[in-house]
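Can you read through this structure? Questions will come right after.
This structure is a prediction, so every number in the text was calculated from the model and none was measured. First listed ligand is number 1; within each ligand, the first listed atom is number 1.
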Amino acid sequence: MDDHARWVSRDAAVVWHGFTQMASYSDNAPVVVERAEGSDLIDVDGKRYLDAISSLWVTTLGHRVPELDAALAEQAGRVAHSTLLGNGNRVVIELAEALADVVPVDAPHFLFASDGAAAVEQALKIAFQYWANRGVAGRTTYLAFGGAYHGDTVGSLSVGAGGFGTDLFDPLRFPVLRAPDFAEPDCIDVAVAMVREHASSLAAVVVEPLVQGAAGMQLRPASSFAALARACADHDVLLICDEVATGFGRTGTLFASEQCGLRADLMCIGKGLTGGYLPMSATVASQRVHDAFLGPDLSEKTFYHGHSFSGNALAAAVALRHLELIREWDVLANVRARSAQLQSLLDARVAPMSAVREVRLQGLMCGVELAPPRDGLRWGRRVCAAAVDRGVLLRPLGDVVVLMPHLTVTEEQVTRIVDVLAEAIDEISSP
Ligand SMILES: *Cc1c(COP(=O)(O)O)cnc(C)c1O
């Protein structure tokens, strides 16, 4: 057994990988990472892979960014963690102040958690209690979109559209009103009509602004979202924007809501918040939502919810430095330039291939939908495996190959990713 095989076997013996069939885990040539350098992940045999999925959409500036490493080490020299339940922490305050300057939410307040799903869960519970605290009865349901993905806890799974083999949990999911998915051009119009019709029973509308990521990068034009915000405002329904995937520069602006002209009552952030370093997420509440929870000490107006690692100080220190670096390095300009380059290369090289159905791109969120001649060919998985063989780490969503490079990706790296993708598609689709 070579070193790699030994690590895979030790791995499969004790680690249970998410969204992964463990019976075939070892057969699918998993990469076992030991360390990283910039854009590259390096495995236990020293083989390098260009990380073109940003470690499942979380890494923004690359791996082992010296400035972020330093922020982490400095904070470790102060305190790693102290609870936010009833007490404060200096670096968390500084982070919340810095975020408050940039999130598209009015006078925002931050309830921190560790995962995107928990941020969504918190938003759902806050929206529910908001109406109870205001003494309004009947506002107990949610409107969500087809194709939506909001995480894997039972509440976030309920507003999500299902699929990914999670239908088994349908009996546990609470019912919601379901607008069409983003692939339907009229989905926002339908959602607006549903808000009008059902406003008196709606606690909130939940939406991924601009891009439904896990649905395979389904896009809606930025201009179409204003009508949804207006309907929510007109009918006094809370708007929850799930920016867990789209936040922190992914779509070309710091938040997708900016392009869409949305100012959410509740916003969920996660993934890129710490540059991909540490698990941290947050539910961002507007002043109006936050103030509905004010009342006497220990009263029933309190939000009785909180996680052990809410506002972890190490994560906060990294997130704070990360936010500064996005500005200092003008990362958004790179996102826009590399996005334009990626679009033109894909248009020229990949979109015309008969094995490709559609290319969808917004900023540096990209889905290349393959067109297998019949079911069961596992083209998505096989194309990505062929790319991994060539040293570019990709991972599919079904038959959609996801391209999610770091926001600091270079011109040469974008060219390499497209070259390798085109070769991989060729290899799998040629008879
Ligand atoms: C990934 C994702 C989540 C869930 O985040 P986790 O950190 O994986 O729990 C929620 N919403 C969207 C839009 C996501 O892409």
Would you kindly specify which portion of H150 sits under 4.0 Å from ligand 1, judged on non-hydrogen atoms: side chain, backbone, both or neither?
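Only the backbone of H150 comes within reach of ligand 1.
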
Could you tell me the residue and atom name of the protein heavy atom closest to atom 15 (O) of ligand 1, and the distance to it rounded to 0.1 Å?
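Residue, atom and distance for the closest contact: K271 NZ, 2.7 Å.
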
Taking only heavy atoms of A245, which atoms of ligand 1 are found under 4.0 Å from at least one of them?
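Every atom of ligand 1 under 4.0 Å from some heavy atom of A245: 15 (O).
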
What do we get for D115 next to ligand 1 when only non-hydrogen atoms under 4.0 Å count, side chain, backbone, both or neither?
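For D115, the contact with ligand 1 is made by both the backbone and the side chain.
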
SB check E37 R48 (cutoff 4.0 Å):
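A salt bridge links E37 with R48.
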
Would F309 and H307 count as a close aromatic pair, with their ring centres under 6.0 Å?
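They do not qualify: ring centres at least 6.0 Å apart.
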
Where the side chain of E67 meets the backbone of H322, is there a donor-acceptor pair that is under 3.5 Å apart?
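Checked: no pair found.
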
Please determine if E258 and R263 form a salt bridge, counting it only when a charged side-chain N lies under 4.0 Å from a carboxylate O.
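Salt bridge absent between E258 and R263.
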
Is there at least one pair of N or O atoms, one from D242 and one from ligand 1, spaced under 3.5 Å apart?
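Yes, since at least one N or O of D242 sits under 3.5 Å from an N or O of ligand 1.
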
Numbering the atoms of ligand 1 from 1, which are under 4.0 Å from a heavy atom of G151?
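Near G151, meaning under 4.0 Å from one of its heavy atoms, ligand 1 has 4 (C), 10 (C).
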
Can you tell me which residue and heavy atom of the protein come closest to atom 6 (P) of ligand 1, and the distance to 0.1 Å?
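Protein heavy atom at minimum distance: G116 N, 3.3 Å.
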
I'd like to know if R134 pairs up with D236 as an ion pair, taking the criterion as any Lys NZ or Arg NE/NH1/NH2 lying under 4.0 Å from an Asp or Glu carboxylate oxygen.
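A salt bridge links R134 with D236.
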
If you measure from atom 9 (O) of ligand 1 to every heavy atom of A113, G213, A117, which option wins on shortest distance?
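Nearest option to atom 9 (O) of ligand 1, by heavy atoms: A117.
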
Can you tell me if F174 has over 12 outside heavy atoms packed within less than 6.0 Å of its CZ?
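Atom CZ in F174 is packed in, count exceeds 12.
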
